[in-house]
Amino acid sequence: MDQIKQGSNSRVEYTVAGNMGNMIAQLSLQVANLQTALQQKNKENDQLRAEAAELKHQIENLRGRENNGKRSTRSAD
């Protein structure tokens, strides 16, 4: 009777261990997918920051030209 009980217990332990192993593997895969998604988002953010900096630079240049145009018009009067 004890041997049957022991065999049953070890099957349950193997089943639990197997289920835990599968869960760990699934969680590891999810973590890897999240890391990949995070890297992609960081790359997109870097590109957007670079675009924003370029647009700010262009705006500053346009404002500078606009101000220079006003100054030269005034001095011509």
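Distance CG/Leu48 to NZ/Lys41: 9.5 Å, rounded to 0.5 Å. Rounded to the nearest 0.5 angstrom, Leu38 CG and Asn33 CG are separated by 12.5 Å. Remark: Glu54 CD to Lys56 NZ distance equals 12.5 Å, nearest 0.5 Å. Rounding to the nearest 0.5 Å gives a distance of 11.0 Å between CD1 of Ile24 and CG of Asn19. Atoms CG and NE2, from Leu62 and His57 in turn, are 10.0 Å apart once rounded to the nearest 0.5 Å. Distance check: Asn42 CG to Arg49 CZ gives 8.0 Å after rounding to the nearest 0.5 Å.
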Stepwise, does the side chain to side chain contact (heavy atoms under 4.5 Å, CB included) test hold for Gln30 with Leu27? CA-CA 5 Å; Gln30 286 179 350; Leu27 290 172; 3.6 Å; yes
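There is no path of hydrophobic side-chain contacts, each under 4.5 Å, that joins Val31 to Met23.
Remark: the Gln47 side chain and the Glu51 side chain contain no N/O donor-acceptor pair separated by less than 3.5 Å.
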